[in-house]
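Please read the structure below before turning to the comments.
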Amino acid sequence: MSQNSIVAGASAGPISTGAARGLWSSRWVFFLAATGSAVGLGNIWKFPYITGENGGGAFVLVYLACILAIGIPLLMAEVMIGRRGRANPEGAFAAVARQVGASRHWRWLGTLAVLTGFLILSFYAVVAGWALAYAPAAAVGSFAGLDGESSGALFGAMLGDPWKLAGYGTLVLLLTLGIVALGVREGLERALRFMMPGLFVLLLILVGYATTTGHFLEAVHFLFDADFSKLSTQGVLVALGHAFFTLSLASGAMMVYGSYLPAGTSIVKTSLMVALADTAVALLAGLAIFPLVFANGLEPGAGPGLIFVTLPIAFGQMPFGQVVGGLFFIMLALAALTSAISLSEPTIAWLVEKFGIGRLKAVLLSGLALWLLSLGTVLSFNAWAEVTLFGKTFFDGLDYLTTNLMMPLGGLGTVLFTGWALSRTTVQEALGIGHAQLFTLWWQLLRWVTPVGILIVFLHTLGLFA
Ligand code: PFF
C-alpha cells in the first residue's frame, strides 16, 4: 500500500480532513486491519476461559446473540462515525455532532472510548507477553511429557515471576508502539496477510488433534447445549462485555480505523465479514481447547490460565508438537500484536490531533503511561495477588471496569447517538446501504433492540431491575 493511512496522520498533526490524514489503500486492507484488531487474545485466550467459567452452552448462545443484535449494528455505526468524522474518536463524535447540529457533549463518548482502549492495552500487553514467553518454551521442547498438574505448575511459575512478566509485557509494548511510531504499515499489512490464514490453519490442526482425544463430543455438548440453569446474571453481562471486547468496540479502535476508510467502500459487507471471521476463530478455539480440558481432567472454569495450561499438554504429546506449538504461540502473539496496535492508535491519534504534538512524542508519552500501568497487572499475579478492591485484583478489576462497565456504557451512548441524534437519511447515506428493507432492519435494530438489550443486561446486573 502507499505510504499514507495511519502514518500520514503523523505528519499531518491536528488536521482532520480525510486527505491530510491519509486513507487505507483498499477495502481489503481495511478488512485485514479490522480483522487483525478483532481477532486476538479475546478469541483464543479469553473466550474459552470465560465460557468455561460461565458453564458453557447457554453462555455461548447469549454471546452469539449479543454479537448479532448488539455487536454487528454497533460495529457498523462506529466505522460510519469514524469515516464521517475523519478524526480520532473524540474528534469524530465532535465533527459528526457539529454536522448534524447535535450537542457537542457527545464528544465525551469519544474520550471515554480512548480511555477504555488505553486501559485495556495496559493489561492486554501483559497477557500477550505470556504467549510470547510460551513460543520459545514450546519450540525447545519444554512441554514434553506434561500432564495437567505439571502444566499448571509451569504456568504458575511464570505468573510468580514478576520480572519475566514485566519483561515480556514490556517487549510487547515496545513492539506495538515501535510499529505504530515507525509507521511500518507495509510490515503490518504483510504480517496480516500470512498471519490470519496461518492462525486459522493452526487452529484447524488443533481442532483435528482434539478429535483424537476421545472427548471431542463432550466438548461439543459443553459448548452448544444450552443449559440456562448454569448461567448467572453476571454471566450474561460477561457475554455482553465480551461481544464488545472481541469486536474491538467502544474502545476507539474500529472508529479510528473507520476514519481511514475511503468513501464509497461498503461498511456493511466489511463489518459482516469481520464479525464472521472473529466468531469463527473463537468457536474454533473452543473446539480445540475443551476436548483437551476434559481429556486431561482439568477444570473448565480454571480461569485466565486455561489455554496456557491445556495447550502445552497437547503440544507435549502430539507429533511435531514443538513446531506446531512454537508456531501457534508466535501466531497468537502476532494476533495479539495487531489488536494491540489498534488499541494504541486511538490514544495516539487523540494526542496528536487534540494537542497538536508530534506522533513520536505521543507514542513516547502514552508508552510510558501504559508501561507504568502494565506493572499493576504484572504485580497482581504475584506480589499484589492478595491486594483486592471489591474482591478483585488489579488485573481483574481493570478487566471488569473496562469490559463490563465502560464498554457497555460507551456502546450504549454510541447507539443512542447514531439512532437518535442522527437522522435516518444521514445515517443511510453515510452507511451507503441502498437496499431499503435491509436498512430499515438495521436501523430498527440499532434504535431499539441494541440499546434496550444493553440497558436490560446492565441494570439487571447492577440489581436495579429484577
Ligand atoms: N478484539 C481484541 C481481541 O479480541 O483480542 C481486543 C481488542 C482490540 C479490544 C481492540 C478492543 C480494541 F479496541
Side-chain angles (χ1 to χ4, degrees), residues 6 32-51 63 66-67 71-72 74-75 78-79 81-82 88-89 92 109-110 112-131 172 176 180 188 192 195-196 199 203 238-259 271 274-286 304 307 331-350 366 370 398-408 410-411 414:
I6 292 179
L32 276 180
T35 312
S37 171
V39 174
L41 294 169
N43 307 62
I44 295 168
W45 160 71
K46 200 168 186 186
F47 172 72
Y49 98 71
I50 55 177
T51 298
Y63 157 74
C66 288
I67 292 277
I72 293 176
L74 182 58
L75 175 57
E78 287 203 13
V79 176
I81 295 170
N88 69 83
L109 282 173
L112 177 70
V114 169
L115 183 65
T116 308
F118 176 85
L119 292 177
I120 289 177
L121 183 54
S122 80
F123 68 81
Y124 201 84
V126 176
V127 180
W130 301 353
V172 172
T176 305
V180 172
L188 177 63
L192 282 164
M195 195 204 77
M196 285 297 159
L199 189 69
L203 273 176
V238 174
L240 175 72
H242 191 63
F244 287 103
F245 188 88
T246 194
L247 290 179
S248 306
L249 299 173
S251 40
M254 289 302 181
M255 202 172 280
V256 92
Y257 275 11
S259 77
S271 303
V274 170
L276 196 70
D278 187 77
T279 309
V281 172
L283 294 179
L284 279 180
I307 71 156
M331 294 282 177
L332 181 58
L334 280 175
L337 201 64
T338 53
S339 301
I341 289 169
S342 75
L343 277 164
S344 71
E345 183 60 23
T347 303
I348 289 158
W350 181 74
S366 53
L370 280 166
L398 209 52
D399 181 27
Y400 192 87
L401 174 73
T402 49
T403 311
N404 298 345
L405 300 177
M406 292 169 84
M407 282 181 154
T414 307

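Just so you know, these numbers come straight off a predicted model, no measurement behind them. Atoms within a ligand are numbered from 1 in the order they appear, just like the ligands themselves.
Ring geometry for Trp45 versus Tyr49: interplanar angle of 30 to 60°, hence tilted.
Scored by the side chain to side chain donor-acceptor pair (under 3.5 Å) test, Thr402 finds no partners at all (sequence neighbours excluded). Applying the side chain to side chain donor-acceptor pair (under 3.5 Å) rule to Asp399 yields the partners Lys46, Thr403; only residues at least two apart in sequence or on another chain are considered. Ser248 pairs by the side chain to side chain donor-acceptor pair (under 3.5 Å) definition with Ser37, not counting sequence neighbours.
A donor-acceptor pair under 3.5 Å is absent between the side-chain atoms of Tyr257 and the main chain of Glu345, judged by distance alone. At least one donor-acceptor pair closer than 3.5 Å links the side chain of Ser344 to the backbone N or O of Ile341.
Enumerated by chain and number, the residues approaching ligand 1 to less than 4.0 Å through a heavy atom are Ser37, Ala38, Gly40, Leu41, Gly42, Asn43, Tyr124, Phe245, Thr246, Ser248, Ser251, Ala253, Ser339, Ser342, Leu343.
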